[in-house]
Amino acid sequence: TLAQAVPEWEAAGIRQALARTERKITNPVYRSWEPARQAARDVLRRMEAAPGDNGSPIVTGVFLDIDFLWERLLEDRLFAGVRKPFSQQSRDVLNGHVRIRPDFYFSDQKIVLDAKNRPAWERTLSVAKGLWSGASDAADAADVRENIYQIFSYMLALDCSGGGVIFPAHIVRDPVGEKIGPAGRQFWRIPVCIPQAPGYPLFCDALEHEFRRLRTLAPVSRLIE
């Protein structure tokens with residue numbers, strides 16, 4: 001819709017659109033984007049391309065699909081040594097009425113995993129009630145429940161005995177497995193600790209160490225062996 005609308009914008013319309021970006025986001029659905037929006041404006045200002053300040057209707061920016069990058073990081077680093085290949089293809093289920101695309105489907109081991117870049121998942125590891133409690137607030141709980149239903153539907157559609165989510169974390173934790181559903185399928189929460197380091201080479205070394213650690217733990221170890 002934007003691609004079709006932008007060529008028809010007049011200069012006044014562009015200025016109005018830029019002015020709207022200066023408003024603080026209060027809608028709870030988009031509130032988490034506010035820090036990223038402010039950071040993007042700071043970057044543009046440092047590039048001397050401040051929106052609305054230099055008289056130019058053109059602003060150069062970059063959108064990073066963090067969910068896609070998180071999936072690719074896991075694909076290239078965590079699962080780089082898997083002996084049994086995984087599938088990321090879309091497939092039709094329920095007689096073609098529904099199409100699904102799991103991030104990592106290991107058909108030989110009957111395991112399906114999804115990459116989730118959601119802070120709510122790390123918070124579930126600190127809640128005494130565990131998986132189904134969601135986390136600390138209603139928004140977290142809604143995110144977690146939606147993800148659980150998604151992965152469980154993948155497990156049922158693909159007849160998988162195991163499934164779960166892989167998400168970034170701030171501290172080192174082991175994967176947690178729990179029974180889910182009437183058939184006793186195993187649902188895994190797999191946290192990947194994103195290290196803090198004073199430099200990029202040290203960060204890469206620490207992250208590789210974390211990936212090596214996870215490869216020795218279930219369920220990842222089952223996929224590597």
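Computed over heavy atoms, backbone and side chain alike; hydrogens, waters and symmetry mates excluded. These numbers were taken from a predicted model, which means no experiment stands behind them.
Counting only heavy atoms from C-beta outward, the side chains of V176 and P191 never approach each other to under 4.5 Å. You'll find the side chain of D205 stays beyond 4.5 Å of the side chain of H209, heavy atoms only. Two residues are said to be in side-chain contact when any heavy atoms from C-beta on lie closer than 4.5 Å; F104 and F79 meet this criterion. By the 4.5 Å heavy-atom criterion applied to side chains, K179 and R185 are not counted as neighbours. The closest side-chain heavy-atom distance from L125 to R189 is below 4.5 Å. N147 is listed as a side-chain neighbour of W121, based on a closest heavy-atom distance under 4.5 Å.
With respect to the salt-bridge test (charged N to carboxylate O, under 4.0 angstrom), the residues R101 and D103 qualify. Look at R222 and D108 and you find no salt bridge, because none of the NZ, NE, NH1 or NH2 atoms lies under 4.0 Å from a carboxylate O. Taking 4.0 Å as the cut-off between side-chain N and carboxylate O, K116 and D67 do not count as a salt-bridged pair.
No side-chain donor-acceptor contact under 3.5 Å links N117 to the backbone of W70. Judged purely by atom type and a 3.5 angstrom limit, E178 has no side-chain atom pairing as donor or acceptor with the backbone of F187.
If you take CD1 on I148 and CD1 on I151, they are separated by 9.5 Å, rounding to the nearest 0.5 Å. To the nearest 0.5 Å, atoms CD (Q196) and CG (L202) are separated by 12.5 Å. Note that CZ of R77 and CZ of R212 are 10.0 Å apart. Values are rounded to the nearest 0.5 Å. To the nearest 0.5 Å, atom CG of residue L73 and atom CD1 of residue I66 are 11.0 Å apart. A distance of 13.5 Å separates CZ in R118 from OG1 in T124, rounded to the nearest 0.5 Å. The OH atom of Y149 lies 11.5 Å from the OG atom of S153; values are rounded to the nearest 0.5 Å.
No more than 12 heavy atoms of other residues, nucleotides or ligands lie within 6.0 Å of CZ in F68, so this atom counts as exposed by the packing criterion. By the 6.0 Å contact criterion, CD on E208 is enclosed, its count of non-hydrogen atoms from other residues, nucleotides or ligands being greater than 12.
A pairwise comparison of heavy atoms in A218 and W188 identifies O-CZ3, 3.6 Å as the closest pair. Taking every heavy atom of both residues into account, E71 and A115 meet most closely at CA-CB, 4.1 Å.
Residues F203 and L214 are members of one and the same hydrophobic cluster, defined by side-chain heavy-atom contacts under 4.5 angstrom among Ile, Leu, Val, Met, Phe, Trp and Tyr. I194 and V220 fall within a single hydrophobic cluster, where Ile, Leu, Val, Met, Phe, Trp and Tyr side chains are chained together by heavy-atom contacts under 4.5 Å. Under a hydrophobic clustering in which Ile, Leu, Val, Met, Phe, Trp and Tyr are joined whenever their side-chain heavy atoms come within less than 4.5 Å, directly or via other members, V192 and I171 fall into different clusters.
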What pairs of donor and acceptor atoms, side-chain ones from residues 155-170 against any protein atom, are under 3.5 angstrom apart with sequence neighbours left out?
residue : atom : partner : partner atom : Å
H170    : ND1  : E122    : OE1          : 2.9

Given side chain to side chain contact (heavy atoms under 4.5 Å, CB included), test Y105 with I111 step by step and report yes or no. CA-CA 6 Å; Y105 169 44; I111 294 178; over 6 Å; no
Steps toward side chain to side chain contact (heavy atoms under 4.5 Å, CB included) verdict (Q109, L223): CA-CA 7 Å; Q109 293 92 341; L223 309 175; 4.0 Å; yes
Step by step, work out the side chain to side chain contact (heavy atoms under 4.5 Å, CB included) result for R72 and L69. CA-CA 5 Å; R72 284 301 304 271; L69 293 177; 5.5 Å; no
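Inspection of the R215 and S221 side chains reveals no N or O donor paired with an N or O acceptor under 3.5 Å.
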